[in-house]
Amino acid sequence: AEFQINETTGSISKIIMNNISLDFNQEFLYYKGFVGNNEVFANRSSGAYIFRPYGKASSIENQNQVKIYLGNLVSEVHQQYNDWISQIIRVYSGETYVEFDWIVGPIPTDDAHGKEIITRYTTPLDSNSLFYTDSNGRETLTRIRNFRPTWNLNLKEPVAGNYYPVTSKISIREKDLEVAVLTDRAQGGSSLEDGQIELMLHRKCLHDDAFGVGEALNETAFDKGLVTRGSHYVVFGTKKNPSGKTIAAQEKDIIQRKLLSSWTFLSPTNGLTYQQYK
Amino acid sequence: RVDLNALREAMGVMQHHDAITGTEKEHVAHDYSRILAKGMDECNFITASALSKLVAPEEKLFVNDEPAPVIPFETCPLLNVSQCGFTEKNNGFVVTVYNPLSRPVSKHIRIPIRGDHYVVIDPKGNQLDTEIIPIPESILRIPGRKSNAKNELIFLASNLPPLGFKSYFVEEASENDLPQKPHKNKSRLRE
C-alpha cells in the first residue's frame with residue numbers, strides 16, 4: 001500500500017492499494033452531547049448508555065503539524081492536530097493496508113455539552129445508502145441508512161439512529177470495489193453519507209443519562225481525562241486483486257493477524273553474546 | 001491450574017457485569033482494571049512455563065525430582081503507551097514471538113527503546129533490517145507514562161511457524177559497530 005499526503009493540510013489525500021488508486025480523505029470531528037433534565041425522553045442527556053448528539057459533527061480546529069519518516073520497513077506520518085488529538089499513519093512494506101494509529105484525549109471540558117470524538121473516512125464511492133458491519137461478531141450484516149427491514153422508519157435521531165456496533169469491520173461498496181475499515185476493538189460506527197465511514201473513538205459526557213449508572217461519562221486517570229489510543233486498518237480492493245486474494249480474503253487475513261496477534265515475550269541475555277546464547 | 005483462576009474469575013466478573021462499557025461507576029471500572037491486571041499477572045507464570053517447554057523441549061521437566069528452571073519470559077503490558085521497563089533497562093535482550101494461529105504469519109515487532117542503534121539477529125544468525133523511529137511527543141506526554149524510551153525499534157519477525165515461535169537476539173550497538181550493508185538493505189529515514 002502507498003498513500004499521499006496533501007502538503008497544505010497535512011491530511012491524507014490518496015491511497016494506492018491492490019493496483020487501485022482512490023481519492024481518500026480522513027478527518028477528526030466531534031459531536032456535542034445533548035444535555036437535558038432527563039424527565040422525558042426528548043430531554044434525555046447523551047451519556048454512558050445512549051449516544052444523543054446535539055446537531056451535526058464539528059471539525060476539530062487544528063493546525064495539523066506533520067513529520068514524515070520514510071524507511072524500508074515502514075513509512076510513517078506523524079500528525080499533531082491539537083493538544084489532544086494526534087495520529088500516526090503507517091504503511092509496512094509488503095502489507096496491503098494503511099494503519100491509522102490515533103491518540104485522543106484528554107478531551108477538554110470547555111462547554112457544558114461534552115465532546116464525542118469521531119474519525120471520518122471519505123471516499124468517492126457511490127455506496128447507495130448501504131454499508132456493512134460485522135455487528136455481533138458472527139456475520140456481516142447489511143445496513144441501510146434511515147431504514148429498518150421490518151417497519152416503516154421515521155427517524156427522529158438521524159445520527160444515532162444510523163449508528164451500529166462494529167466488532168471488527170465496517171465497509172462500503174460500489175459495484176465490485178469494497179472499502180473496509182478494520183478496528184482493533186469494538187466501536188460504534190456508521191456511514192451517514194455515501195462514500196463515508198465514521199467511527200466513534202472517545203467520549204466525554206458531562207451529564208448522566210439517567211439510565212442507571214448515576215454519574216456522567218467523564219473518566220479520569222492520574223487526575224487527567226482519559227487518553228485512548230487505537231488503530232484502524234484501511235483496506236480496499238475487488239474480487240480480483242493482483243495478489244490473487246479477494247478483498248474478503250485479505251480482510252480476513254488482516255483481522256486474524258490483528259485480533260489474534262502474535263505474542264511478544266522478552267528475556268535477558270545475561271551479558272551473553274549471540275553465539276553463547278544460542 | 002490454579003494460576004489461571006484469577007483470570008478466569010476476572011473474565012467471569014467482566015462478562016457478567018458488561019464491564020468496560022462506561023455503564024459502571026468509575027471507581028468500579030478502576031476495580032475491574034485492578035482485577036483484570038492481577039489475573040493477567042498471575043497467568044505470566046503459566047505462559048512462561050508453557051513457552052519454556054516449546055523453546056527448550058529437550059530439557060526434562062524435572063531434574064532430580066526438582067522442577068526444571070523456567071526461562072524468565074517477561075511481557076510489556078504498557079506497549080500501548082510505548083513503554084517497556086525491560087527493554088529500557090537492558091542493553092541486550094531476546095525477543096521471543098509466539099504465533100497462536102494455525103498458519104504461518106509475519107509480524108512487525110515494535111519495541112520502545114532508549115538508544116539509537118541496535119542490532120537484531122534472527123534464529124539463523126542473520127542480521128535483520130531494522131528501523132528506529134521517534135515516539136511522537138503526544139505519546140511521551142500521556143498522563144501516567146513513566147518511561148525514558150524516546151524511540152521505537154522495528155523489525156520484521158517473518159514466517160512465524162503455526163502455534164510456534166521464533167526468538168530474536170537484540171543488542172544495543174554503537175553506530176560504528178553496525179556492519180556495512182548493501183545500499184538496498186540500508187534503512188534510510190528522512191524526517
Side-chain angles (χ1 to χ4, degrees), chain A residues 47-49 67-74 76 78-80 83-88 92-95 103 105-106 186 203 205 211-215 217-227 229-230 253 256-257 260-275 277-278, chain B residues 21-26 29 47-48 51 71-76 79-81 84 86-87 90 92-101 105-109 111 121 123 125 129-131 133-134 136-139 142-144 154-157 160 167 169 171 184-191:
Chain A
Y49 293 82
K67 287 181 179 174
I68 299 172
Y69 301 92
L70 301 173
N72 285 347
L73 280 179
V74 61
E76 296 189 351
H78 295 193
Q79 300 173 315
Q80 179 78 46
D83 286 344
W84 49 281
I85 294 184
S86 61
Q87 180 173 251
I88 304 164
Y92 287 109
S93 170
E95 294 283 7
I103 303 121
R203 309 173 68 211
C205 300
F211 272 107
V213 70
E215 64 183 35
L217 185 63
N218 183 7
E219 298 164 289
T220 57
F222 303 99
D223 296 326
K224 301 267 177 64
L226 281 192
V227 179
R229 182 183 185 186
D253 171 51
Q256 276 190 354
R257 285 191 288 131
L260 294 168
S261 179
S262 297
W263 303 359
T264 305
F265 297 91
L266 299 156
S267 312
T269 59
N270 298 326
L272 301 178
T273 65
Y274 170 77
Q275 289 302 336
Y277 190 90
K278 192 179 178 188
Chain B
T21 62
T23 54
E24 73 276 53
K25 285 185 185 290
E26 191 176 358
T47 31
L51 201 53
I71 298 172
F73 288 112
E74 301 274 341
T75 55
C76 286
L79 285 179
N80 62 340
V81 290
C84 178
F86 191 90
T87 57
N90 293 287
F93 47 88
V94 174
V95 180
T96 299
V97 190
Y98 173 76
N99 170 20
L101 296 175
V105 296
S106 299
K107 181 182 181 179
H108 287 90
I109 306 295
I111 295 172
I121 303 174
D129 280 351
T130 61
E131 261 159 34
I133 294 187
E137 186 66 29
S138 56
I139 294 171
I142 287 177
I154 301 148
F155 64 90
L156 179 64
L160 300 166
S167 291
F169 193 88
E171 204 168 29
K184 67 183 177 63
N185 286 332
K186 197 168 182 179
S187 171
R188 302 186 74 78
L189 291 177
R190 193 174 79 208
E191 181 174 337

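The figures here come from the full heavy-atom set of this structure, side chains too, leaving out hydrogens, waters and symmetry mates. Proteins get letters first, then strands, A, B, ... in listed order; numbering begins at 1 in each.
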Over all atoms of both residues, closest heavy-atom pair of Arg203(A) and Ala48(A):
NH1-O, 3.9 Å
Out of Glu137(B), Glu74(B), Glu171(B), return the one with the most heavy atom pairs under 4.5 angstrom to chain A.
Glu74(B)
Please report the C-alpha distance between Leu79(B) and Cys84(B) in whole Å, then the side-chain angles of each, then the deciding distance to 0.1 Å, and finally whether the side chain to side chain contact (heavy atoms under 4.5 Å, CB included) criterion is met.
CA-CA 6 Å; Leu79(B) 285 179; Cys84(B) 178; 4.2 Å; yes
With only heavy atoms counted, which part of Tyr277(A) is less than 4.5 Å from chain B, the side chain, the backbone, both or neither?
side chain
Measure up the Tyr274(A) and Phe169(B) rings against each other and bin them: parallel (under 30°), tilted (30 to 60°), perpendicular (over 60°).
perpendicular
Does any backbone or side-chain atom of Ile154(B) lie under 4.5 Å from a heavy atom of chain A? Answer side chain, backbone, both or neither.
both
Contact winner vs chain A - Ala29(B), Ala157(B), Gly125(B), heavy-atom pairs under 4.5 Å
Gly125(B)
Parallel, tilted or perpendicular, judged at 30° and 60°: which one describes the rings of Tyr49(A) and Phe211(A)?
tilted
Could you give me the CA-CA distance, side-chain angles and deciding distance for Arg229(A) and Ile88(A), then say whether side chain to side chain contact (heavy atoms under 4.5 Å, CB included) is met?
CA-CA 11 Å; Arg229(A) 182 183 185 186; Ile88(A) 304 164; 4.2 Å; yes
Looking only at Ile121(B), Thr75(B), Leu160(B), the option with the highest number of non-hydrogen pairs under 4.5 Å against chain A is Ile121(B)
In chain order, what residues pass the ring pair (Phe, Tyr, Trp, His ring centres under 6.0 Å) check against Tyr98(B), with sequence neighbours excluded?
Trp263(A)
Quick one: what part of Ser261(A) sits under 4.5 Å from any heavy atom of chain B, side chain, backbone, both or neither?
both
Using side chain to side chain contact (heavy atoms under 4.5 Å, CB included), reason through Gln256(A) and Val105(B) one step at a time and then give a plain yes or no.
CA-CA 10 Å; Gln256(A) 276 190 354; Val105(B) 296; over 6 Å; no
With respect to chain A, which residue among Ile139(B), Ile111(B), Ile109(B) yields the maximal number of heavy-atom pairs within a distance under 4.5 Å?
Ile139(B)
Side chain, backbone, both or neither of Phe93(B) within contact of chain A (heavy atoms, under 4.5 Å):
both
Would Arg257(A) and Glu95(A) satisfy salt bridge (charged side-chain N to carboxylate O under 4.0 Å, His left out), going step by step from the backbone distance to the final call?
CA-CA 12 Å; Arg257(A) 285 191 288 131; Glu95(A) 294 283 7; 2.9 Å; yes
What part of Leu266(A) is in contact with chain B, defined as an atom under 4.5 angstrom from a non-hydrogen atom: side chain, backbone, both or neither?
both
Engaged part of Glu76(A) at the chain B interface, taking heavy atoms whose separation is under 4.5 Å:
side chain
Okay, Ser167(B) and chain A: the region with an atom under 4.5 Å from a heavy atom over there is neither
Answer key: most heavy-atom pairs under 4.5 Å with chain A among Leu51(B), Leu101(B), Val81(B), Asn90(B) is Leu101(B)
Cut-off 4.5 Å, heavy atoms of chain A, and the answer for Lys107(B) is side chain
Pair up each side-chain donor or acceptor in residues 217-224 of chain A with any protein partner under 3.5 Å, not counting sequence neighbours, and list the distances.
from	atom 1	to	atom 2	distance (Å)
Asn218(A)	OD1	Lys204(A)	NZ	3.4
Thr220(A)	OG1	Glu26(B)	OE2	3.3

Please look at Leu226(A) and chain B and tell me whether the side chain, the backbone, both or neither of the residue comes under 4.5 angstrom of a heavy atom of that chain.
neither
